[in-house]
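These figures come from a predicted structure and were not determined experimentally.
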Amino acid sequence: MALLLLAATTVSAQTILKGDMNDDNAVTIADVTSLVNVILGKAPQETINVGGDPYKVDNTSVVGTWYAPDGTSFEFKEDGTTTFPGGATYEFMPMQGRLLVFDAMKNPVKVLPLLKVESQYLLTVDYATSVFTYYTNSGSLATGITISPSTLEMNSGTTAQLMATLSPESAFGSVTWTSSDESVATVDANGVVTAVAGGTCTITATAGGSLKKATCSVAVKQLVTSIVLSQTKAVLELDGYVRLTATVLPENAANKNVVWSSSNEDVATVRNGRVDAYGYGTAVITCEAADGSGVKATCKVSVPEYVDLGLPSGTLWATYNIGATSPEDYGDYFAWGETEGYNDGKATFDWSTYKWCKGGEKTLTKYCNNSNFGYDGFTDTKAELDLEDDAAFVNWGHLWRIPSKEQFGELIRNENTTTEWTTLNYVAGLKITSKTNGNSIFFPAAGYYSYNVYWDYNMGGYWSMSLGNINPDEALAFVFIETSSIVVGGDPRNVAHSIRPVRVSE
């Protein structure tokens, strides 16, 4: 097989004859015959004229040993023979731009259209099978292979690109990628690694034909899937602190570090899980996984403010309700003796959902001094809430309680305070002002919940810690309807009222 050079560039006879096929004077039969003889290797160095221009055959870029990607090899020899599988001689037909391989009887056994012929490689396509074949005549099978990077650390769910380099640089052959453990990481034909789950596996790149291999060690970090805080809400005193601990899941997470932050550092700051209170209000403490997973957990921290109204008992009243963040905020609603309220997901407040009975007001199981109201005649001597049933103590901490009936009575006694129906930031409510020091407190008209219905009517209801005076299915509440009715009276225990805590001495 031979090649024709035009200005030192490989060409085919089709290129030479382009535009000249209808001009009998441009190309002679002798020219074509000479050209074919040259192609057959009979005159490998002969200079011929085609269309009046001189061309010289250069056979060197085709003659030699050729290697297929699978490592097999064959030869094109100067005498026109070949060791191509099934062939004895070869011929390049310039008019068709094809490589024809013949057997010993000159019968064609292979016809391969040539896409490109250069000194280093030969690209052909077999139309019968639609297979492209890339041959090299450099003789450079891979003697080595490297993967970059050789070690790879990934987060679960991410991807990375690996590059395989064959040596010497002239080496040929495709690279096959495999993973030793696809449950940890997979790799596609282009060397793109996808991290599946935590663990370690080996990615192998194999050079086609040469069987040279290189490996990359891949370590996949298991990302954090959840964070559990030791508390989801905490109430602090001014200048007090609480320690929050974070448990990171799963247990085999590669990076269990967390980052703490506070939504309002004027209220509380946090460092390494220690929350320090600096002012009054509410802040959200966030604990975020440091591994990039984006998993977060939060704790709502409140620092309640209180006011001294100069009352004879010295009682200090909180300035806002449980569940609120400001005096005019309604906050949460609780059945009497329950510590989880409407904001915790309880939507219905009737006897069937009440904690301290068996479905009715005459089936009480705690805080019952009349056997006619107790379950199977149950009675006890409890007339005030235990600490574990005091929503102020449970939600705000050891310095806070639900007020007693005596404390509510003292609050609204005429010789101690004055009352005024007013608005605070457009919220209606009752303002109570001390006659001793002029300090005041605001109770929003927050309404109440009964069954699954919310009732308003410009009224507010606030539980005391005291059982009712007549029947134990009632507890005492501070109730007002504007200023026309301000009383401490009995209300069914299953009803959901607001709670305004009072502070006890340390």
Side-chain angles (χ1 to χ4, degrees), residues 321-323 330-396 400-412 443 445-481 484-502:
N321 298 341
I322 293 179
Y330 286 178
D332 207 350
Y333 300 84
F334 300 83
W336 190 80
E338 295 186 354
T339 58
E340 292 185 352
Y342 182 84
N343 292 347
D344 294 310
K346 184 171 181 178
T348 301
F349 294 88
D350 59 17
W351 290 110
S352 69
T353 63
Y354 182 60
K355 181 176 181 180
W356 301 116
C357 75
K358 293 289 187 178
E361 66 269 35
K362 293 189 176 182
T363 61
L364 299 177
T365 58
K366 193 173 184 180
Y367 307 108
C368 180
N369 55 15
N370 185 333
S371 61
N372 292 327
F373 287 84
Y375 180 69
D376 284 345
F378 167 82
T379 60
D380 59 18
T381 60
K382 297 180 183 294
E384 292 186 342
L385 290 173
D386 291 334
L387 287 180
E388 62 264 28
D389 302 324
D390 186 321
F393 176 82
V394 171
N395 286 274
W396 276 20
W400 297 96
R401 300 289 189 275
I402 294 177
S404 66
K405 61 182 179 181
E406 291 81 10
Q407 287 171 319
F408 270 121
E410 178 187 57
L411 178 68
I412 61 176
F443 288 84
Y448 66 97
Y449 280 90
S450 178
Y451 295 89
N452 58 355
V453 179
Y454 172 71
W455 303 86
D456 189 354
Y457 303 124
N458 276 345
M459 62 84 61
Y462 290 79
W463 281 126
S464 79
M465 65 186 301
S466 306
L467 200 60
N469 294 326
I470 301 176
N471 294 324
D473 62 336
E474 292 185 347
L476 296 179
F478 166 52
V479 179
F480 58 85
I481 303 175
S484 63
S485 176
I486 303 175
V487 298
V488 178
D491 227 3
R493 288 162 53 173
N494 62 292
V495 170
H497 282 310
S498 307
I499 293 178
R500 177 63 61 89
V502 292

Tell me the closest heavy-atom pair linking [X] and [Y], and the distance in Å.
X	Y	answer
Val502	Pro403	CG1-CG, 3.7 Å
Tyr333	Ser498	CE2-OG, 3.9 Å
Cys368	Phe373	SG-C, 3.8 Å
Ser450	Val495	OG-CG2, 4.3 Å
Pro501	Trp400	CB-CE3, 3.7 Å
Phe378	Leu364	CD2-O, 3.6 Å

Does [X], at its [atom1] atom, have more than 12 non-hydrogen atoms belonging to other residues, nucleotides or ligands within less than 6.0 Å?
X	atom1	result
Tyr451	OH	no
Lys366	NZ	yes
Phe480	CZ	yes

If the plane angle is over 60° it's perpendicular, under 30° parallel, otherwise tilted; pick one for [X] and [Y].
X	Y	result
Trp356	Tyr367	perpendicular
Trp463	His497	perpendicular
Tyr449	Phe349	tilted
Trp351	Tyr354	perpendicular

Side chain [X], main chain [Y], donor-acceptor under 3.5 Å:
X	Y	value
Asp332	Ile322	no
Asn395	Thr339	yes
Asp456	Gly447	no
Asp386	Glu388	no
Arg493	Pro472	yes
Asn370	Asn372	yes

Hey, are the side chains of [X] and [Y] touching, using non-hydrogen atoms and a 4.5 Å cut-off?
X	Y	value
Glu338	Lys346	yes
Tyr448	Val479	no
Phe443	Leu411	yes
Trp336	Leu385	yes
Asp473	Lys362	no
Leu476	Asn469	yes

First locate atom [atom1] of [X], then atom [atom2] of [Y], and finally report the distance between them rounded to the nearest 0.5 Å.
X	Y	atom1	atom2	answer
Asp491	Glu474	CG	CD	7.0 Å
Asp390	Phe334	CG	CZ	10.5 Å
Tyr330	Tyr454	OH	OH	4.5 Å
Leu467	Lys405	CG	NZ	9.0 Å
Ser485	Met459	OG	CE	8.5 Å
Asn369	Asp380	CG	CG	8.0 Å

| Between Thr348 and Asp350, is a side-chain hydrogen bond (donor to acceptor under 3.5 Å, both in side chains) present by the stated rule, with each step listed? | CA-CA 6 Å; Thr348 301; Asp350 59 17; 5.8 Å; no

